[in-house]
A.B. asks: 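There's a structure below that I have some questions on.
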Amino acid sequence: MRVASLLRIFLIVVLLVAQFGLLVFFESSSSRFEAGVYPPIDSMKNNYQEYYGKNVNVAGSVIHTDPIIISYGYSPENSVELRIAGVDERVHLGDSVRVYGRVESDYTIDGKRLIKVSRTGQFYMYSISLLAGFWVLGRVIRDWKFDIKSVGFKPER
Amino acid sequence: MPDLMAHVLLAYSVGMILSWRYQWVDSRYLTVMMVGALVPDLAKADILLDSDLLGYAIGIAFDWFALHTLGGVLLSILIGCLLVVRTERKRVFLLLSIGASSHLLTDALLITPSGLAYPIFWPIAYNQPPSAGLYLSTDVWPAVVAGLLAIAVTAISRMRDEDTEVIEFNHD
């Protein structure tokens with residue numbers, strides 16, 4: 001393999017490492033964001049007091065409507081139940097919601113705003129996004145080819 | 001813009017308009033711009049590989065969302081440029097950047113619970129600009145609008161191509 005190609009591969013690896021560094025840096029600096037972040041679920045479960053008085057974003061499914069309680073997390077095994085106070089929105093069991101608010105004691109969020117996300121809307125979003133991905137992938141396969149000699153993609157004539 | 005289709009259609013439309021001025025922007029380079037529109041949503045890897053769980057498993061906390069900011073997008077584009085042959089890198093960098101920028105800007109218009117957009121310029125700035133709050137990521141209408149724009153731009157391109165053929169015919 002030519003030196004230039006080896007150098008390119010080395011640079012790609014360096015950039016990938018830098019990229020992972022950015023992902024770590026973003027997580028570590030998240031407390032500096034004004035509007036709060038989505039706290040890691042483990043952290044909410046085990047270090048809840050760290051978030052007292054902070055503004056956070058949370059999202060989850062409604063598991064109780066009065067008072068509103070949501071399950072914050074991606075899976076039943078890895079989630080925490082949060083009570084949402086201070087919002088007037090009418091919700092139903094199973095609704096997906098996003099909430100911004102201040103963390104209070106006893107796993108309660110003093111909500112400033114609650115947004116409902118419909119299941120139909122989520123299904124539409126994921127389906128159409130998948131279609132878009134396949135469309136672009138198809139165009140890439142049609143329009144670009146990998147040239148072994150140059151070790152890189154080039155446009156099809 | 002919400003869903004990926006809306007982003008891709010918008011990038012397609014922008015690319016078609018650019019092709020009116022810059023003839024080298026043909027179908028192949030239009031594809032590059034559409035790929036650029038997908039780049040910020042590499043952050044959606046969180047759906048398949050939860051950063052909380054994965055971070056716990058490897059002992060290093062991280063957040064995929066960095067890929068949806070200026071810094072993450074720039075690194076992704078640089079990696080993309082290194083994947084193409086040297087003669088194509090400038091064009092690929094330019095087109096990926098335009099496509100990705102359109103995604104970042106239109107995502108800053110999403111309705112958010114806090115009323116603020118995401119930290120679009122991170123790591124240069126931690127600011128979260130106010131969001132215009134125009135649509136949710138699950139709304140259908142942005143893709144419809146982007147689709148109509150793409151159809152209109154394609155029709156105009158075809159008419160321009162026909163006009164060019166007529167002019168060339170008359171010159172012969």
Side-chain angles (χ1 to χ4, degrees), chain A residues 4 8 11-12 15-16 18-20 22-30 32-37 40-43 55 57 74-75 78 98-101 111-115 117-118 120-122 124-125 128-133 135-136 139-140 142-144 147 150-156, chain B residues 2-9 26-32 34-35 37-38 41 44 47 50-53 55-56 60-67 69 71-72 75-76 78-79 82-88 111-119 122-123 126-128 136-140 143:
Chain A
R8 202 142 52 89
L11 281 174
I12 289 172
L15 286 171
L16 283 170
Q19 189 73 293
F20 183 70
L22 264 193
L23 303 188
V24 174
F25 182 37
F26 187 88
E27 169 63 28
S28 69
S29 55
S30 59
R32 293 179 61 180
F33 296 125
E34 180 186 343
V37 292
I41 291 143
D42 261 358
S43 196
N55 290 324
N57 288 297
Y74 287 120
S75 62
N78 190 34
R98 280 183 235 153
V99 181
Y100 175 65
K112 296 183 187 349
R113 191 174 179 195
L114 180 149
I115 293 173
V117 180
S118 74
T120 317
Q122 282 187 310
Y124 156 76
M125 181 186 71
I128 202 80
S129 295
L130 200 58
L131 194 62
W135 180 29
V136 174
R139 286 184 68 112
V140 169
R142 182 194 70 184
D143 295 336
W144 291 75
D147 184 56
S150 319
V151 192
F153 286 90
K154 58 201 300 187
E156 288 274 24
Chain B
D3 55 77
L4 270 181
M5 183 61 82
H7 284 300
V8 163
L9 286 169
D26 57 24
S27 170
R28 304 166 301 172
Y29 295 103
L30 212 55
T31 298
V32 174
M34 293 162 78
V35 169
L38 300 182
D41 269 357
K44 294 278 195 295
I47 296 171
D50 180 18
S51 58
D52 289 346
L53 287 176
Y56 182 75
I60 305 172
F62 69 96
D63 193 336
W64 289 110
F65 197 79
L67 295 176
T69 62
L75 285 182
S76 298
L78 289 175
I79 292 169
L82 287 174
L83 292 174
V84 303
V85 295
R86 191 176 45 81
T87 50
E88 299 294 333
I111 295 171
T112 62
S114 62
L116 297 177
Y118 63 97
W122 187 87
Y126 285 77
N127 303 71
Q128 290 174 259
L136 286 174
S137 51
T138 49
D139 284 341
V140 176

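For the numbers below, each heavy atom of this structure counts, side chains included, while hydrogens, waters and symmetry mates do not. Per chain, numbering begins at 1; letters A, B, ... match sequence-line order.
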A.B. asks: Do B:Thr31 and A:Arg142 meet the criterion of a side-chain donor-acceptor pair at a distance under 3.5 Å?
C.D. replies: no

A.B. asks: Tell me, side chain or backbone of A:Val99 under 4.5 Å from chain B's heavy atoms, or both, or neither?
C.D. replies: backbone

A.B. asks: Which heavy-atom pair separates A:Ser129 from B:Leu4 by the least distance, and what is that distance?
C.D. replies: OG-N, 3.1 Å

A.B. asks: Quick one, B:Val35 and A:Arg139 - any side-chain contact, counting heavy atoms below 4.5 Å?
C.D. replies: no

A.B. asks: How close do A:Leu23 and B:Ala66 get, counting heavy atoms only, and between which atoms?
C.D. replies: CD2-CB, 3.6 Å

A.B. asks: Does the plane of the ring in A:Phe33 sit parallel, tilted or perpendicular to the ring in B:Trp122? Use 30° and 60° as the thresholds.
C.D. replies: perpendicular

A.B. asks: Measure from the side-chain N and O atoms of B:Arg86 to the backbone N and O of A:Ser150, and report whether any donor-acceptor pair falls under 3.5 Å.
C.D. replies: no

A.B. asks: Name the orientation class of the two ring planes belonging to A:Phe20 and B:Phe62 (parallel below 30°, tilted from 30 to 60°, perpendicular beyond 60°).
C.D. replies: tilted

A.B. asks: Do you know which two heavy atoms are closest between B:Thr138 and A:Tyr124, and how far apart they sit?
C.D. replies: O-CD2, 3.7 Å

A.B. asks: In Å and rounded to the nearest 0.5 Å, what is the CE to CG distance from A:Met125 to B:Asp3?
C.D. replies: 8.5 Å

A.B. asks: List for me each residue that meets side-chain hydrogen bond (donor to acceptor under 3.5 Å, both in side chains) alongside A:Gln19, sequence neighbours excluded, and say none if there are none.
C.D. replies: B:Ser76

A.B. asks: Taking salt bridge (charged side-chain N to carboxylate O under 4.0 Å, His left out) as the test, write out the residues that go with A:Arg8, two or more places apart.
C.D. replies: none

A.B. asks: Which bit of A:Ile115 is near chain B, if near means a heavy-atom gap under 4.5 Å: side chain, backbone, both or neither?
C.D. replies: side chain

A.B. asks: Looking at B:Gly55, B:Pro123, B:Ala61, which one has more heavy-atom pairs under 4.5 Å with chain A than the rest?
C.D. replies: B:Ala61

A.B. asks: Taking every non-hydrogen pair under 4.5 Å, which of B:Thr87, B:Asn127, B:Ile79 racks up the most with chain A?
C.D. replies: B:Ile79

A.B. asks: Under 3.5 Å, side chain of B:Arg28 to main-chain N/O of A:Glu156, donor-acceptor pair present?
C.D. replies: yes

A.B. asks: Tell me, for A:Leu16 versus chain B, whether the close heavy atoms (under 4.5 Å) come from the side chain, the backbone, both or neither.
C.D. replies: both

A.B. asks: Which region of A:Ser29, side chain (C-beta onward) or backbone (N, CA, C, O), has a non-hydrogen atom less than 4.5 Å from a non-hydrogen atom of chain B, or is it both or neither?
C.D. replies: both

A.B. asks: Would you say that B:Leu9 contacts A:Trp135 through its side chain, given a criterion of any heavy-atom pair below 4.5 Å between the two side chains?
C.D. replies: yes

A.B. asks: Does the side chain of A:Arg98 reach to within under 4.5 Å of the side chain of B:Ile111, using non-hydrogen atoms?
C.D. replies: no

A.B. asks: For residues A:Phe153 and B:Glu88, determine if any side-chain heavy atom of one lies less than 4.5 Å from a side-chain heavy atom of the other.
C.D. replies: no

